[in-house]
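Working notes, structure below.
Positions are given from 1 along the sequence.
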Amino acid sequence: MVTSTTTKKKTKPKVKRKPAKKNLVIVESPAKAKTIEKYLGRSYKVIASKGHVRDLPKSSMGVDIEHDYDPHYISIRGKGDTIKELRSAAKKAKKVYLAADPDREGESIAWHLSHILKLDPNDDNRVVFNEITKDAVKESFNHPRSIDMDLVDAQQARRILDRLVGYSISPLLWQKVKKGLSAGRVQSIALWLIIEREKEITAFKPEEYWTIDSEFKKGRSKFKASFYGVNGKKKDLPNNEVVQEILKQLDPKAPFDITKVTKKERKRQPQPPFTTSTMQQEANRKLNYRTRKTMMAAQQLYEGINLGKEGNQGLITYMRTDSTRISAIAKHEAAQYLHNELGEQYAATKPIKGKLPEGAQDAHEAIRPTSVFRTPDSVKEYLTKDQFRLYQMIWSRFVASQMTPAVMDTMTVTIEQNNVIFRANGSKMKFDGFLKVYGDGKEKDNLLPDLTVGDQVDLVNNKPDQHFTQPPARYSEATLIKTLEEKGVGRPSTYSPTLETIQRRYYVKLVGKRFEPTELGEIVNSIIVDYFPDIVNVDFTANLENELDEIEEGQENWVKVIDEFYQPFSTEVQKATENMEKVQIKDEPAGFNCDICGAPMVVKMGRYGKFHACSRFPDCRNTKAIVKEIGVTCPKCHEGQVIERKSKKNRVFYGCSRFPECDFISWDKPVGRNCPKDQHFLVEKKIKGGTQVVCPNGDYEEAPQK
């Protein structure tokens, strides 16, 4: 009998495989990390440093002046957990890539990250891309490079210069004027410009001048003309006496002769795509966006927006640039779009090239859409209102820059009687060109009748008008940025924080979207002008900016640049410390007593403007907001008065004087009457050219008032 035995096969125990190491990519923001991780795939992990991880200490100068201005960097307070996460992820990574923004600041962040993560800055671990699109990001990882120390040195030099100025002058201002003040290179120039403009306005003396606007007709066609001159020469009208002499020479009932007709074709060229500065200016002018709001929306568009099925997509190229240059691929895309959508007559064969401002680096392209085929309407549902309006403006400006000029037929007619000359100007759109995409709404036809030399026309009426010359306008955010750029002061990344700082310190305030200096601002400016003239010397500051650019290009040594600035500056600081007298900002009496201790109340200056405080401070800490009654009883409690208040963002709103007992609030000014339809209180709304009384529920509105 044969027996068979079965032998069990020995099974090898399963060995757990270690997960493959991933490449680590570090960017600044979580939004950017989310977009990029999708493009790179599973073998990459992308995390955010959330901005800088190291900086100079806040509690001290942090610069060793005796040893070549060596900076003492420390980890930024509150960044401990982020640094711990970065170090942990770097230890597990196959390779670490530093993908901060493609500018000096981004290069500096990469350098600081390499230090805390103990990476070799000479390794090829730095990747840069000008737009966050799949192709651009993937291509950048094919060409990693080492950290560019020239860029780092340029940013480091700016940071140290600003620290030397700020931490030398600010303690003096604290000691001699009041606590909480500060001074800086670019902000001091901005403040000086605003105050100089205010001086021009104060010193301005209006001059009288007159115009004569007339209406003529040929047959049934009427047209407008204006007085030009006498005896073939242009003549000014300084006063009414001269006007009356001119009018006496005319016979209103006699015909006027057409003595000259000039017809021309005028071309209007499109503007180049946006730089940071021109985008901020145009957003302020067209969209009424503050500079900070513009840059926040632009940052979001650059870092990536979730477009549904497409996922996260960067919609615009890098938004800190002073170049108007456009890549060949972008030009080709624009030409393709224009041929397909508008026709070849709209596509320029040689698109306009913008002229670089003096000192511009041309390191990046202009601000443009990452894909011209991603039209504003196609992405509107995924964007906030602010993002959409800014994207629409950037997209339209870029497309227009690649289009043909607009063509106008113009006509200038000279009209004479008794050697008195009038001129009429007419225009008609012949071809809209780029205006089809990016017009400003001012391109209206002004048609004149068909006139030829020898024709006669009749005078319908003359309208002499008295005018006075106007003082120069105060700076708006847009015009101040434009002036700073024209003078070579600051760079794309500095405009927004500069404007924020001078407002936050209450050196200036925005009144009707225009900057006005405060008393505090004038005091600080006078001190800097008297004791630190180079700080507010436009040419000196612009030259310093150029030297920073030369450091970036490897043509200048950063220690030498700082030393040449600091040696004479430190002497000025010493003189100011010895000679500057203490400035007394006298408290203005409020006109009533403290309701807690009975001492007189005074007007104090605070971060958000003036307020009432007890004169016995700090023994008595009673404070009251300065409020303005508008003469209307509260429509909610019918006991308190409606008063004008200001939010922390300096926006005017209206509330009840009995707050917090009554919580009535309105952004629009109540007028003290109720709606005849639903009895809701009526409010005054600002409209173009005046105001209008309306019902907030939309049931009733009155005629606008200018």
Sidechain-backbone polar pair: [X] side chain, [Y] backbone, donor-acceptor under 3.5 Å:
{"X": "Thr518", "Y": "Tyr506", "answer": "yes"}
{"X": "Thr494", "Y": "Gly490", "answer": "no"}
{"X": "Thr202", "Y": "Glu198", "answer": "yes"}
{"X": "Asn543", "Y": "Asn546", "answer": "no"}
{"X": "Thr324", "Y": "Ala366", "answer": "no"}

- request: State plainly whether the residues Lys463 and Asp213 are in salt-bridge range, i.e. N to O under 4.0 Å.
  value: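 No.
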task: Would you mind checking if Arg285 and Glu477 are paired as a salt bridge, meaning a charged N to carboxylate O distance below 4.0 Å?
output: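 Between Arg285 and Glu477 there is no salt bridge, as every charged N stays at least 4.0 Å from the carboxylate O atoms.
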- prompt: Looking at residues at least two apart in the chain, or sitting in another chain, which of them share a side chain to side chain donor-acceptor pair (under 3.5 Å) with Asn462?
  reply: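 Checked Asn462 against side chain to side chain donor-acceptor pair (under 3.5 Å); matches are Ser214.
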message: Once side chain to side chain donor-acceptor pair (under 3.5 Å) is applied, do any residues pair with Trp192, and if so which ones, sequence neighbours excluded?
response: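 Listed in chain order: nothing, the list is empty.
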Lys293 NZ/CZ over Tyr289 ring centroid, <6.0 Å and within 45° of normal: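 Because its charged atom sits under 6.0 Å from the ring centre and within 45° of the axis, Lys293 does stack over Tyr289.
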task: Establish, yes or no, whether the cationic atom of Arg474 lies under 6.0 Å from the six-membered ring centre of Phe515 and within 45° of the ring axis.
output: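 No.
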message: Exactly one of Arg491, Glu485, Glu486 should register a side chain to side chain donor-acceptor pair (under 3.5 Å) with Ser277. Which one does?
response: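 With Ser277 as partner, side chain to side chain donor-acceptor pair (under 3.5 Å) holds for just one option, Glu485.
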Under a 3.5 Å threshold, yes or no: a donor from one side chain and an acceptor from the other, between [X] and [Y]?
{"X": "Thr291", "Y": "Thr294", "value": "no"}
{"X": "Gln280", "Y": "Asn284", "value": "no"}
{"X": "Tyr346", "Y": "Asp432", "value": "yes"}

- prompt: Which one of Met408, Glu265, Lys267, Arg266 satisfies the side chain to side chain contact (heavy atoms under 4.5 Å, CB included) criterion with Lys430?
  reply: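 The option that passes is Glu265.
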